[in-house]
Number of protein chains: 2
Amino acid sequence: MREPTFLILTALARAPMHGYGLITEVAELSGGRVELRPGTLYGALDRLADDGLVERDREEIVDGRARRYYRLTDRGETALGAEVERLSHTVRAAQARLSARATQRPAVA
Amino acid sequence: MREPTFLILTALARAPMHGYGLITEVAELSGGRVELRPGTLYGALDRLADDGLVERDREEIVDGRARRYYRLTDRGETALGAEVERLSHTVRAAQARLSARATQRPAVA
DNA sequence: CGAGGATATCTTCGCAACGAAGATATGTTC
DNA sequence: GAACATATCTTCGTTGCGAAGATATCCTCG
């Protein structure tokens, strides 16, 4: 699972959202570092739906424009949880290596 | 940057290593979750070398077999640090969402 | 001694996710 | 009426990875 997909699931963990809403939400979530393109977004949503991690929710018409909402499934929640677990282990390992390295080879001696 | 690449940089943060050593080291680092294949490993090393994040270190002959060591460059250390920073933000955001969701929709009511 | 497994390198090829780009359409703002 | 924000979706190229295998040496076990 790559970062855009991970962030889409994370965004949907709070509440069902529609595509365009996900673009802005993911941008916020990531501190502006990830700006989803439509190709990435809709490709990921289709894939996640195929995998049963998200589902089509309701559809709304707001100001004459359709909004298609997606929601996280239970399987999606489980998958996201597993990915978080995995990532936090990896991050901790890397942090430990980097601080050990800083001790061994201090930038400022 | 994807997980195999991230783990290769993390492994090299401790000390220079050769390819085969990286395979076992990354497996350990990841708790056995990531088993590098040669195609992944040498492809990543070539790419990282092109990007200046790792460098060829010394070469040793041990028991008649060549060992080509790679080391993390300063740029590589910086890149790894940035990636760790980025990931830890993302992970924290996801953890917050997941626990909020658990409060809203407890699995055990 | 021969087979198999561990150590060690590297290449080829296909796939999946992403990113760039753009098509389409409505509403709002200047 | 031009430009921008909202909202959908498609096409196509790139990239990193994974599967598979080629090559070679050393060690262990029967």
Just checking A:E35: does its CD atom have more than 12 heavy atoms from other residues, nucleotides or ligands closer to it than 6.0 angstrom? no
Nearest 0.5 angstrom please: B:L72 CG to B:T78 OG1, how far? 8.5 Å
What residues in residues 31-61 of chain B put a non-hydrogen atom under 4.0 Å from any atom of DNA chain C? B:P38, B:G39, B:Y42
Identify, residue by residue, the members of residues 2-23 of chain B with a heavy atom below 4.0 Å from DNA chain D, and return them in order of residue number, or none. B:R2, B:P4, B:T5
Step-by-step side chain to side chain contact (heavy atoms under 4.5 Å, CB included) determination, A:T10 to A:V26: CA-CA 8 Å; A:T10 300; A:V26 162; over 6 Å; no
Tell me, yes or no, whether the heavy-atom count around B:D51 atom CG, taken from other residues, nucleotides or ligands under 6.0 Å, exceeds 12. yes
Counting primed atoms, P, OP1 and OP2 as sugar-phosphate and everything else as base, the B/S/- map of nucleotides 24-29 of chain D against protein heavy atoms under 4.0 Å is -BS---
Return each pair, listed once, that meets ring pair (Phe, Tyr, Trp, His ring centres under 6.0 Å) where at least one residue sits in residues 55-74 of chain A; pairs must be two or more places apart or across chains. A:H18-A:Y69
To the nearest angstrom, the CD-C1' distance between B:E83 and D:dG16 comes to 14 Å
Side chain to side chain contact (heavy atoms under 4.5 Å, CB included) for A:V84 and A:F6? Distances and angles first, verdict last. CA-CA 9 Å; A:V84 164; A:F6 180 85; 3.8 Å; yes
Please table the atom pairs, donor to acceptor, closer than 3.5 Å between any side-chain atom in residues 92-100 of chain B and protein atoms at least two apart or in another chain.
from: B:R92; atom 1: NE; to: B:S88; atom 2: O; distance (Å): 3.3
from: B:R92; atom 1: NH2; to: B:S88; atom 2: OG; distance (Å): 3.3
from: B:R97; atom 1: NH1; to: A:E25; atom 2: OE2; distance (Å): 3.2
from: B:R97; atom 1: NH2; to: A:E25; atom 2: OE2; distance (Å): 2.7
from: B:S99; atom 1: OG; to: B:Q95; atom 2: O; distance (Å): 2.6
from: B:S99; atom 1: OG; to: B:A96; atom 2: O; distance (Å): 3.4

Say you draw a straight line from OG1 of A:T5 to CG of A:L36; how long is it, rounded to the nearest 0.5 Å? 9.0 Å
Show the nearest heavy-atom pair for residues A:A11 and A:L22, with the distance to one decimal. CB-CD2, 3.6 Å
May I ask you to decide whether B:R86 forms a salt bridge with A:E3, counting only side-chain N to carboxylate O separations under 4.0 Å? yes
Contact boundaries on DNA chain C for chain A, cut-off under 4.0 Å to non-hydrogen atoms: C:dA17 to C:dG27
For the CZ atom of B:R75 and the CG atom of B:L48, what is their distance to the nearest 0.5 Å? 11.0 Å
Provide the closest heavy-atom pair for B:L45 versus B:I8 in the form atom of the first, atom of the second, distance. CD2-CG2, 4.1 Å
